[in-house]
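Worksheet: one structure, shown below.
Along the sequence shown, residues carry numbers from 1.
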Amino acid sequence: MGQTLRIADEKRAYTLADRATYLTHKPKSDLRILIEGDPMLINPYAVIVVSPTKHPHVHAEAARQFVEFLTGKEAQKTVAEFGKDKYGEQLFFVDAPAPGR
């Protein structure tokens, strides 16, 4: 993605990019955000536990603990605040379901 932004900047072209990569390259380019906030542009990351029934070799309990960690309040806060101090705005937007959902 970084190379894509560099080339778009050199050619004065349009491109799609994730916010985190854009913000990290912003000081080195003249690119600016033209469109943001449209639901069609959402780029979600997800975490799932693979079925231990279908894949008995997986470490399902460790995977469940990892999911609980990632979706927990502390990790969600860390992800939401990551980079704010350096880039002046949020790089990632969390959307983990509330516990028990």
**Request:** Check L31 against A13 and note the closest heavy-atom contact, atom names and distance.
**Result:** CD2-O, 4.1 Å

**Asked** Are Y22 and L34 grouped together when hydrophobic residues (ILVMFWY) are joined by side-chain heavy atoms under 4.5 angstrom apart?
**Response** no

**Prompt:** Is the number of heavy atoms from other residues, nucleotides or ligands under 6.0 Å of E89 CD greater than 12?
**Reply:** yes

**Message:** Looking at F82, I want to see if its CZ is surrounded by more than 12 non-hydrogen atoms of other residues, nucleotides or ligands under 6.0 Å.
**Reply:** no

**Fill in**
Rounded to the nearest 0.5 angstrom, the CD-CG distance for Q90 and L23 is 10.5 Å

**Request:** Take K77 and K73 through the side chain to side chain contact (heavy atoms under 4.5 Å, CB included) test and state the conclusion after the steps.
**Result:** CA-CA 6 Å; K77 183 176 186 245; K73 284 184 180 181; over 6 Å; no

**Message:** Could you check whether any side-chain N or O of Y87 sits under 3.5 Å from a backbone N or O of K26, counting only pairs where one atom can act as donor and the other as acceptor?
**Reply:** no

**Prompt:** H55 and V50: which non-hydrogen atoms are nearest, and at how many Å?
**Reply:** CD2-CG1, 3.1 Å

**side chain to side chain contact (heavy atoms under 4.5 Å, CB included) evaluation trace for R19 with I33** = CA-CA 9 Å; R19 177 174 299 278; I33 295 175; 4.2 Å; yes

**Message:** Would you compute the distance between atom CG of L5 and atom CG of D18 and round it to the nearest 0.5 angstrom?
**Reply:** 8.0 Å

**Request:** Step through the shown structure and confirm whether more than 12 heavy atoms of other residues, nucleotides or ligands are within 6.0 Å of CG on L16.
**Result:** no

**Message:** Taking V94 as the starting point, is it possible to reach F92 by hopping between hydrophobic residues whose side chains are less than 4.5 Å apart?
**Reply:** yes

**Complete:** Taking every heavy atom of A20 against every heavy atom of L91, the minimum-distance pair comes out as CB-CD2, 3.7 Å

**Complete:** In this structure, NZ of K11 is separated from CZ of R6 (nearest 0.5 Å) by 9.5 Å

**Message:** Set out, in order, the CA-CA distance, both residues' side-chain angles and the distance that settles salt bridge (charged side-chain N to carboxylate O under 4.0 Å, His left out) for E68 and R64, then state yes or no.
**Reply:** CA-CA 6 Å; E68 286 177 22; R64 275 192 273 287; over 6 Å; no

**Asked** Should V79 and V47 be counted in the same cluster of Ile, Leu, Val, Met, Phe, Trp and Tyr side chains packed under 4.5 Å apart?
**Response** no

**Fill in**
Scanning both residues in full, the closest heavy-atom pair of V49 with A60 reads CG1-O, 4.1 Å

**Message:** Tell me the closest heavy-atom pair linking T15 and A8, and the distance in Å.
**Reply:** CG2-CB, 3.8 Å

